[in-house]
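To find a chain, count down the sequence lines: A is the first, B the second, and so on, and within it residues start at 1. Here the structure is a predicted model, which means the values were calculated and not measured.
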There are 2 protein chains.
Amino acid sequence: VAARGAAAPFGARLAAAVERRESNLVLGLDPDPARLWPAALRAAPGHGDVAARAGAAVAEQCRLLISAASEACVAAKLQLACFERLGPPGWEALERAALAAREAGLLVIADAKRGDVPVSAAAYAQGLLGSTPTAFGDVAGLGADAATVSPLLGEDALAPLVEGARASGAGVFVLVRTSNPGAADVQDLALAGGEPVWERLALLVARLGGDGSGPADVGAVVGATAPEHLARARALMPRAVFLLPGVGAQGGRVEDLAPAFAPGPALGLVTASRAIARAHEDGGREPAAAAAGAAERLRAQAWSLAAG
Amino acid sequence: VAARGAAAPFGARLAAAVERRESNLVLGLDPDPARLWPAALRAAPGHGDVAARAGAAVAEQCRLLISAASEACVAAKLQLACFERLGPPGWEALERAALAAREAGLLVIADAKRGDVPVSAAAYAQGLLGSTPTAFGDVAGLGADAATVSPLLGEDALAPLVEGARASGAGVFVLVRTSNPGAADVQDLALAGGEPVWERLALLVARLGGDGSGPADVGAVVGATAPEHLARARALMPRAVFLLPGVGAQGGRVEDLAPAFAPGPALGLVTASRAIARAHEDGGREPAAAAAGAAERLRAQAWSLAAG
């Protein structure tokens, strides 16, 4: 996979792309190889290794989705779990999907949720956002424009990911308050000072993002399913781009997300996966046409809030 | 990669292996492709794609390390970051390393630190511990005996990983108190009740592990670098297997780990990576011989504490 050409800061690149495309919608790619579009299945080889056939079909599903929905989107978010479960062919499909997204003009977000001790976090940064020196020369990584990362191991473990991203003109989205019901179990625990754990994570995000103007290169994952936290999250992280999963299948609603966009339209990115890829299940339309329609509806709805 | 033959519970399989091999040492495999043994470099093709050459050398490094050190160990821990940074050839090297470990009689621990919302956590469980249904048939995953997982997203996000592991006779190790200095930033935050966050994670581990006797299939990552927490961690998680990273390069000492082993020798697993793979850097010996010697010294030291 080719490296990004530009090494302008992530925040500036994102802001420009959002304005140009009039969209803060992110196309989620989390292909389920048991539930692909018929056209994707037809692209797989008719025989051979099962993982290779599934990988080819998954790559084609991503290509078709990007082709159908990219015009309404500013970025694609690749859920790494859905690719790596197919082994090497899955990782090949991931690389092909990232390339297809880039060719369609989308920024690429590796939804990896990675986090590890510093030496291993640096290895994840190489693989997702940079490159790896080897005895045979450098190996280019996935070349993502941003990756989701976990803050559970603290600041020294986030630092290699932030630094690796910054060196490549990429960004990170730190898990702050996720969209699943269980998020409350740990992220909402009340600390001795009264505030929940997630507010401390938010302060860490703000500090790592540094001072300046415009969107920072350290953003936050803030679930669209708990909009009651959004205003507080925005106050704590004024320059962080919020990646907002949970719209659609998980119950989040675009109209509740206004606080995320308050500082500017690029400061909130609405992600949607099943609401686009499975839009045809709600009606009788062909999958690609249904996906295109669903994506444009979500784009218009989010953009009217963000730019309004 | 072939699936495990036996589906006996992870705890019983681990306890039997520890007794049989008289070892609770885990061989950490975190190959740095810029710093491989000369014999590993020689095994790579002399030309062709850089990632493929590096992947072949990394697989050979793992095979050589396993060959040198497996007799002193009960398991191998594969740091996924070090493989996936090489893309598809890295994932192939990961599968080859897992196979080599299994053929040497070692349990395989996927050091993945994965954690995501439930639907994605289930996909990680398929890839690491189970298999993935596809339109073309099932795709076998890595077939690991256990994986490290992150609890930041709470119980509903851990559940698919625990259930996926249990269905395959595998286990999980939940991050509770990690070995890096930054662990204190989040894991040690004091809650309203006075206890640190990590103690709540420990209670979650104990509950997910359920009742019974012998080692549970839900274990905990507890860094060897903060032994002052071990007795408390053991009190909160009486049946959890502790995976104890941080010995050697990170400053942890085997002799401080006694509380981990109190309920039985299989309840604490000491991991060592650089202390084995780079043992030759401290003396003039050949890498494999130095690794074998370092592993046996660590095994004997840990075993005398654990079984003593």
(request) Any chance you could lay out the side chain to side chain contact (heavy atoms under 4.5 Å, CB included) test for B:V186 and A:L153, step after step, and finish with the verdict? (result) CA-CA 7 Å; B:V186 180; A:L153 281 79; over 6 Å; no
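Comparing A:A44, A:P89, A:A192, A:P245 by heavy-atom pairs within less than 4.5 Å of chain B, the highest count is held by A:A192. Ranked by non-hydrogen atom pairs under 4.5 Å with chain A, the options B:A190, B:A157, B:G90, B:C82 are led by B:A190. Options A:R85, A:E92, A:R53, A:Q187 differ in how many heavy-atom pairs under 4.5 Å they form with chain B, and the most are formed by A:R85. Comparing B:A135, B:G154, B:P33, B:G127 by heavy-atom pairs within less than 4.5 Å of chain A, the highest count is held by B:P33. Among the candidates B:T148, B:D116, B:T178, B:V197, the residue making the largest number of heavy-atom pairs closer than 4.5 Å to chain A is B:D116. Heavy-atom pairs under 4.5 Å with chain A peak, among B:R35, B:R177, B:K113, at B:K113. For chain B, the option among A:A34, A:P88, A:G182 with the highest count of heavy-atom pairs below 4.5 Å is A:P88. Between chain A and the options B:R114, B:Q250, B:R200, B:Q126, the largest number of non-hydrogen pairs under 4.5 Å is found for B:R114.
In this structure, no portion of A:D188 lies under 4.5 Å from any heavy atom of chain B. Contact of A:S120 with chain B is made through backbone and side chain together, with heavy-atom distances under 4.5 Å. If you measure heavy-atom distances from B:T132 to chain A, the contacts under 4.5 Å come from the side chain alone. A:V58 does not touch chain B: none of its heavy atoms, backbone or side chain, sits under 4.5 Å away. At a 4.5 Å heavy-atom cutoff, A:A159 makes no contact with chain B through either its backbone or its side chain. For A:V50, the parts lying near chain B are the backbone and the side chain together; criterion is any non-hydrogen pair under 4.5 Å. Neither the backbone nor the side chain of B:A122 comes within contact range of chain A; no heavy atom of the residue lies under 4.5 Å from a heavy atom of that chain. Heavy atoms closer than 4.5 Å to chain B are found in the side chain of A:L201, but not in its backbone. Proximity to chain B involves both the backbone and the side chain of A:P151, based on heavy atoms less than 4.5 angstrom apart.
Counting heavy atoms from C-beta outward, B:F83 and B:P31 have side chains that approach closer than 4.5 Å. At a threshold of 4.5 Å between non-hydrogen side-chain atoms, the residues A:V174 and A:V218 count as touching. Side-chain contact between B:V149 and B:L175 is absent, with no heavy-atom pair separated by less than 4.5 Å. No side-chain heavy atom of A:V176 sits under 4.5 Å from any side-chain heavy atom of A:V221. In this structure, B:V26 and B:V270 have side chains that are not in contact, with every pair of non-hydrogen atoms separated by 4.5 Å or more.
Contacts of B:D185 classified as side-chain contact (heavy atoms from CB on, under 4.5 Å), with partners at least two apart in sequence or in another chain: A:E155.
Checked by atom type and distance alone, the side chain of B:S168 pairs as donor or acceptor with a backbone atom of B:L129 at under 3.5 Å. A donor-acceptor pair is defined here as one N or O able to donate and one able to accept, closer than 3.5 Å; such a pair exists between the side chain of A:T225 and the backbone of A:S179. The backbone N or O of A:G87 lies less than 3.5 Å from no partner atom in the side chain of B:E95, so there is not a single donor-acceptor pair.
Ring geometry, A:H229 versus A:W198: the interplanar angle falls from 30° to 60°, so the pair is classed tilted.
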